[in-house]
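Reading through the structure tokens given below for one structure.
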Amino acid sequence: MIGANGAGKSTTLKTISGLGPIASGEIYFEGKRIDRLLPQQIVKIGISHVPEGRRLFPSMTVMDNLEMGAFLRNNKRDIKNDLERASNISLF
């Protein structure tokens, strides 16, 4: 999402993530209404809000932060595969 400072980007993302109140209307994801769900329920259906770098866990390693992202997942094999795939990504 791109926009000027104060345009409502963070507010929109927080509202979609269930972290802020919805002013009006409804929010749907894959045909299911989600604006009445709790934030943890929204995460379970596949939506997550990743804050800017300064709001992550700075005292933790990158791998620790990635593992936190898998907190609600149950399939250990899939988690391991995803973490291995992420560790092999080169940004340069």
Side-chain angles (χ1 to χ4, degrees):
M1 187 178 303
I2 299 173
N5 288 345
K9 299 179 300 293
S10 294
T11 300
T12 299
L13 293 172
K14 287 178 184 176
T15 303
I16 292 169
S17 299
L19 300 172
I22 186 167
S24 65
E26 301 168 344
I27 302 171
Y28 287 83
F29 177 68
E30 296 183 342
K32 180 182 176 188
R33 187 170 178 184
I34 65 166
D35 56 275
R36 295 179 178 165
L37 298 178
L38 296 171
Q40 58 268 33
Q41 294 170 310
I42 293 171
V43 168
K44 284 183 180 180
I45 63 170
I47 296 175
S48 53
H49 182 173
V50 180
E52 294 177 53
R54 67 179 182 264
R55 294 190 187 137
L56 295 177
F57 303 104
S59 63
M60 294 170 53
T61 66
V62 171
M63 186 58 74
D64 289 340
N65 274 278
L66 290 172
E67 289 171 347
M68 284 294 295
F71 182 75
L72 292 177
R73 294 174 60 187
N74 296 317
N75 189 318
K76 301 295 183 192
R77 188 183 77 227
D78 286 350
I79 294 169
K80 181 178 182 279
N81 290 338
D82 288 345
L83 290 173
E84 286 176 1
R85 191 175 83 238
S87 68
N88 290 322
I89 296 173
S90 174
L91 300 176
F92 302 99

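The first residue in the sequence is number 1, and the count goes up from there. These figures come from a predicted structure and were not determined experimentally.
Here the side chains of K44 and L37 are not in contact, with every heavy-atom distance at 4.5 Å or above.
Under the 4.5 Å side-chain heavy-atom criterion for Ile, Leu, Val, Met, Phe, Trp and Tyr, F29 and I22 are members of the same hydrophobic cluster. I79 and V62 end up in the same hydrophobic cluster when Ile, Leu, Val, Met, Phe, Trp and Tyr side chains are linked at under 4.5 Å. Taking hydrophobic clusters as Ile, Leu, Val, Met, Phe, Trp and Tyr residues chained together by side-chain heavy-atom distances below 4.5 Å, V43 does not share a cluster with I47.
Formation of a donor-acceptor pair under 3.5 Å by the K14 side chain with backbone atoms of P21 is not found in this model. Looking only at distances, a side-chain donor or acceptor of D35 sits under 3.5 Å from a matching main-chain atom of I27.
Atoms CD and CD1, on Q41 and I45 in that order, are 9.0 Å from each other to the nearest 0.5 Å. Atom CG in L66 sits 10.0 Å away from atom CG in D82 (nearest 0.5 Å). How far CZ of R85 is from CG of D78: 10.0 Å, rounded to the nearest 0.5 Å. The CD1 atom of I16 sits 12.0 Å away from the OG atom of S48 when rounded to the nearest 0.5 Å. Taking CG of N88 as the start and CG of L83 as the end, the distance is 11.0 Å to the nearest 0.5 Å.
G18 approaches P39 most closely through the heavy-atom pair O-CG, 3.2 Å. Contact detail for K9 and I2: the closest heavy-atom pair is CD-C, 3.7 Å.
Counted within 6.0 Å of CZ on R33, heavy atoms from surrounding residues, nucleotides or ligands total more than 12; the atom is thus considered enclosed.
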